[in-house]
A.B. asks: 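One structure follows; several queries about it will come next.
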Amino acid sequence: MSNEWYKELVVYQIWCRSFKDGNGDGAGDLYGVLEKLDYIKSLGVNAIWFSPIYPSPNADWGYDVSDYKDIHPDFGDADLFRKVVDEAHKRDMKIIMDLVVNHTSSEHYWFKESRKSRDNPYSDYYIWKDGKNGGPPNNWTSLFEGGAWEYVPERDQYYMHAFAKGQPDLNMDNPKVREEVKDIMRFWLDMGVDGFREDVITFISKDPDFPNGFPLPIACGIEHYNKGPNLMKYLKEFREDVIDKYDCFVVAESPMTGAKDALRFTSGDDKVFDMMISFDHMNADCFMTDTVHLPFSLRKFKKALGAWQTKLYGKAWNALYIENHDHPRVISRYGSEEFRAESGKMLATAAFLMSGTPFIYQGQEIGMTNIHLDSIDRFPDVSSVNTYALMKSMHLPEKFIMSLINYGARDNGRTPVQWSAAKNGGFTTADKPWFEVNPNYPEINVEAAEADPNSILHYYRKLLRFRKENEIVRYGDFRMLKTGRKLFAYIRRYNGQKLLVVCSFAEEELNFRVAESEFDMSKAELVLCNYDFNQVVHNGFFTRPYETRVYLLK
Ligand code: GLC
C-alpha cells in the first residue's frame, strides 16, 4: 500500500467563532487559534481544518461566503491568517480550508451583479429560471429555508438555493464559474494551505431539465442535483487543472452517498477526491436529518461503518469522524451523559482505530455534551429555526418540537469551547460570548481535563499516540466480529500482527468472547482500556458500562 501523506494525518476541525476569543469581543478568532496551536499539537494532531473563515453575512455562519479571498474581520485578517499557517507549519501541522462553491452568499459581488439584469457580465453565474404558471419554476424545496426559488423583480426570474435564501447556487455549467473556482483554489494553495474540505460538492451539477422532485417538505428535488449529470466532468477538471499540480489533498463532503458510490470518486483512474465524509453512520439515531430522532441503533451504526471499511479497503481511503459542526455532540447521541468519560473514550476508540484519517471536532476531546435550551429564540442556526417553523406549521406540540430541536440541533456542536472554570468557560473575556456557553463548563473544561489523569483528553492523547506508533492501525485490514446487539468489535490485521478492538454500547455488564483461533487474548497485550484492568477468562471477559478494550497480538 502506498504511503500518501494524507493517510498519516489526524485532523482537528476548528469552527472558529466558538473556538477561542483572543481579542475579547465575544467571538472566537484567529488570535485565539494562535494561542492554542500548541494545545492542538499536544493532542497528537498534525492538521487543522478550518470551517469557513471568509467574509460572510452569516446567513449560515460562514457557509455563505461573500468574498473567497479574504478573512472575516471577526476572525482577523489575511496577515494574521498567514501567520497561523506559518506557525502551524512550523509545528508540522497542515492547514485545510473549507471550499464552499456550490453556492455563494447573496452578498457576494457576483450575485449582486447577477441579480441586476439578464444581460450583465455575471448574469449566468447563478441558476436563474423563468416562473411557471405564476409561481416558481418547479416544486423544489430548500434544505434550510422554505422553497428553493426566490423571485427577483429586476430580472423577472427566480434564483435557486438548495440551502438558505442567502445562499444562491452557482451555475457550475458556466465555464467562467469553473474558472473562478480554480482561481480560488490556486489562491489559497499558493498562500501555502495544504488542501480542501469541499462543502456539499456533490450538489454542483443540476439536471438541466429541472424536473419536479419527489414531494418532500425539505430538500424536495435533491435527486435532481445530488451527483448530477456533469459532476464527474467538473470534478476532474478541478483535479487535473489544480489539485494534481500541488502537493495537496481533498476531502469531499457528500451527503447521501453510499460506500459503493464513494469508490467511484475515490479510487481508480477517475479518482477525484482523496476521501469522502460519509453520512451513513451519522444516521444511526435519526431519519435523514438529526432532528427526526429515532432510538440509537448500534446495528445501523455498525452496518454503515462496516460497509465503508470493507468496500474501500485497499482501493480507497476513509475519513473517520463522529462529530463535526453539523451534528449534536456524540456523547449525548450515541453514548451517555451519565457515563460521559467512559462513553467518550469508547466512542473515540471505536471510531479512530478503524482504517482511515481521523477528524476530531473542537471540544470532542474533552467530552463536551449537548446544551439544553428552552426556547427557539436561543438557537442561532438557520436550520434549527426553520425546522422549528416547519414543525409548528404541522401543528406539533411545542414541547415535542423543542425536545427534537434540543436533541438534534447543530447548535449543540457550536457552543463555545470550554477552556477553564472561569467565567464563560474561559472562552472570552467579554461579558457575553456570541452564543451561550454550556452551563456544565465548571466541570467540563480543558483545564480540569489536563489536571485529571483519567480524563477523556488524556485518553485521546494516548489513543492518537498508539495510532501513530502502530502501522496496523493505519494500514491493517478490517473485519467486524459477530457480537451481541450492544457490542461493536473488530479485528485489524497487518504484517502478521493483529489488533482486537472491543466496544460496549451498554450501561449494563455484557459478556464478550472471541474464538482463540480468531484471536488469542492470553498471548496479546492490553494496550488501551477505559477502566482499570480486569482479568481475561477463557478468551473473554465481562464488559462494564461503555467499556472499551484494545489488545495487540504481535
Ligand atoms: C455543509 C456544511 C454545513 C452547511 C451546508 C451549506 O453541509 O457542513 O454546515 O450549512 O453545507 O453550505
Side-chain angles (χ1 to χ4, degrees), residues 13-34 48-85 88 95-116 121-122 125-126 144-145 150 159 161-170 177 179-193 195-201 253 325-326 362 380-383 410 414 416 428 430 433-435:
Q13 182 193 352
I14 293 187
W15 199 80
C16 197
R17 187 165 296 274
S18 286
F19 181 65
K20 174 77 174 80
D21 178 11
N23 67 357
D25 64 358
D29 50 39
L30 293 175
Y31 303 100
V33 173
L34 262 186
I48 293 173
W49 148 31
F50 279 105
S51 271
I53 46 176
Y54 317 104
S56 161
N58 291 330
D60 184 18
W61 295 111
Y63 282 91
D64 48 322
V65 180
S66 55
D67 181 350
Y68 286 99
K69 294 185 179 172
D70 207 348
I71 298 295
H72 197 301
D74 285 358
F75 301 146
D77 57 23
D79 285 338
L80 181 58
F81 179 69
R82 270 189 212 103
K83 186 151 188 220
V84 170
V85 175
I95 296 286
I96 299 153
M97 292 300 261
D98 219 307
L99 185 77
V100 189
V101 292
N102 174 66
H103 44 266
T104 70
S105 159
S106 53
E107 296 299 307
H108 194 288
Y109 173 75
W110 302 336
F111 189 74
K112 288 199 211 157
E113 289 299 306
S114 188
R115 63 176 297 149
K116 283 184 183 163
Y122 294 92
Y125 266 47
Y126 294 85
F144 283 172
E145 223 179 355
E150 248 22 74
Y159 72 85
H161 60 96
F163 294 91
K165 291 177 191 163
Q167 293 172 294
D169 280 46
L170 280 163
V177 172
E179 285 312 313
E180 299 276 13
V181 170
K182 291 182 228 169
D183 184 50
I184 296 164
M185 288 176 154
R186 289 187 194 108
F187 175 85
W188 292 104
L189 291 168
D190 288 339
M191 190 186 284
V193 314
F196 297 106
R197 176 261 187 194
E198 299 188 342
D199 188 65
V200 288
I201 194 72
E253 190 205 24
H325 67 292
D326 285 334
Q362 63 186 37
D381 175 25
V382 58
S383 85
R410 306 194 294 180
R414 300 176 178 189
T428 179
W434 81 278
F435 179 32

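Here, residue 1 is the first one in the sequence, and each next residue gets the next number.
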A.B. asks: Taking the side chain as every heavy atom from C-beta outward, state whether Asp169 and Asn102 have any atom pair closer than 4.5 Å.
C.D. replies: yes

A.B. asks: Checking Glu145 against Glu150 for the side chain to side chain contact (heavy atoms under 4.5 Å, CB included) test, could you report, in this order, the C-alpha distance in whole Å, the side-chain angles of both residues, the deciding distance, and whether it holds?
C.D. replies: CA-CA 11 Å; Glu145 223 179 355; Glu150 248 22 74; over 6 Å; no

A.B. asks: Any side-chain donor-acceptor pair under 3.5 Å between Tyr125 and His108?
C.D. replies: no

A.B. asks: Where do Pro168 and His161 come nearest, in terms of heavy atoms and distance?
C.D. replies: CA-CB, 4.2 Å

A.B. asks: When you look at Val193 and Phe50, which way does the side chain to side chain contact (heavy atoms under 4.5 Å, CB included) test go after all the steps?
C.D. replies: CA-CA 11 Å; Val193 314; Phe50 279 105; over 6 Å; no

A.B. asks: Between Thr104 and Tyr126, does any side-chain donor sit less than 3.5 Å from a side-chain acceptor?
C.D. replies: yes

A.B. asks: Checking side-chain polar atoms at under 3.5 Å, does Asn58 have a donor or acceptor matched by the opposite partner on Asp64?
C.D. replies: no

A.B. asks: Atom CD1 of Ile184 and atom CG of Asp67: how far apart are they, to the nearest 0.5 Å?
C.D. replies: 9.0 Å

A.B. asks: With rounding to the nearest 0.5 Å, note down the distance linking CZ in Phe144 to CG in Asp60.
C.D. replies: 4.5 Å

A.B. asks: Do Tyr109 and Tyr122 pass the ring pair (Phe, Tyr, Trp, His ring centres under 6.0 Å) test, and can you show the C-alpha distance, the side-chain angles, and the key distance before you say yes or no?
C.D. replies: CA-CA 9 Å; Tyr109 173 75; Tyr122 294 92; 5.5 Å; yes

A.B. asks: Roughly how far, to the nearest 0.5 Å, is CD1 of Ile53 from CG of Leu30?
C.D. replies: 5.0 Å

A.B. asks: What are the two closest non-hydrogen atoms of Asp29 and Gly22, and how far apart are they?
C.D. replies: OD1-N, 2.9 Å

A.B. asks: Any side-chain heavy atom of Leu99 sitting closer than 4.5 Å to one from Trp188?
C.D. replies: no

A.B. asks: Give the minimum heavy-atom separation between Tyr159 and Lys165, together with the two atoms involved.
C.D. replies: OH-O, 2.6 Å

A.B. asks: Do Tyr68 and Trp110 have their ring centres less than 6.0 Å from each other?
C.D. replies: yes

A.B. asks: Using distance alone, with no hydrogens and no angle criterion, decide if Ser56 and Tyr63 have a side-chain donor and acceptor under 3.5 Å apart.
C.D. replies: no

A.B. asks: Flag the pair Ser18 / Trp434 as yes when at least one side-chain heavy-atom distance between them is below 4.5 Å, and no otherwise.
C.D. replies: yes

A.B. asks: Let me confirm one number: the CG-CD distance from Asp98 to Gln13, rounded to the nearest 0.5 Å.
C.D. replies: 7.5 Å

A.B. asks: Closer than 3.5 angstrom, by distance alone: can the side chain of Trp49 be matched with the main-chain N or O of Arg197 as a donor-acceptor pair?
C.D. replies: no

A.B. asks: Identify the heavy atoms of Cys16 and Val33 that sit nearest to each other, and give their distance.
C.D. replies: SG-CG2, 4.3 Å

A.B. asks: Could you measure the distance from the CD atom of Gln167 to the CG atom of Leu170? Nearest 0.5 Å is fine.
C.D. replies: 11.5 Å

A.B. asks: Which value, rounded to the nearest 0.5 Å, describes the distance between Phe19 atom CZ and Ile48 atom CD1?
C.D. replies: 7.5 Å

A.B. asks: Return the minimal non-hydrogen interatomic distance between Arg410 and Asp381, and the atom names on each side.
C.D. replies: NE-OD2, 2.8 Å

A.B. asks: Looking at Arg186 and Asp183, is any side-chain nitrogen of the basic one under 4.0 Å from a carboxylate oxygen of the acidic one?
C.D. replies: no

A.B. asks: Is there a side chain to side chain contact (heavy atoms under 4.5 Å, CB included) between Phe435 and Arg17 once you walk through the steps?
C.D. replies: CA-CA 9 Å; Phe435 179 32; Arg17 187 165 296 274; over 6 Å; no

A.B. asks: With the side chain counted from C-beta on, respond yes when Val177 and Val101 share a heavy-atom pair under 4.5 Å apart, and no when they do not.
C.D. replies: no

A.B. asks: Are the side chain of Arg414 and the backbone N or O of His325 linked by a donor-acceptor pair below 3.5 Å?
C.D. replies: yes

A.B. asks: Taking all atoms of both residues into account, what is the closest heavy-atom pair of His103 and Val200, and its distance?
C.D. replies: CE1-CG2, 4.0 Å

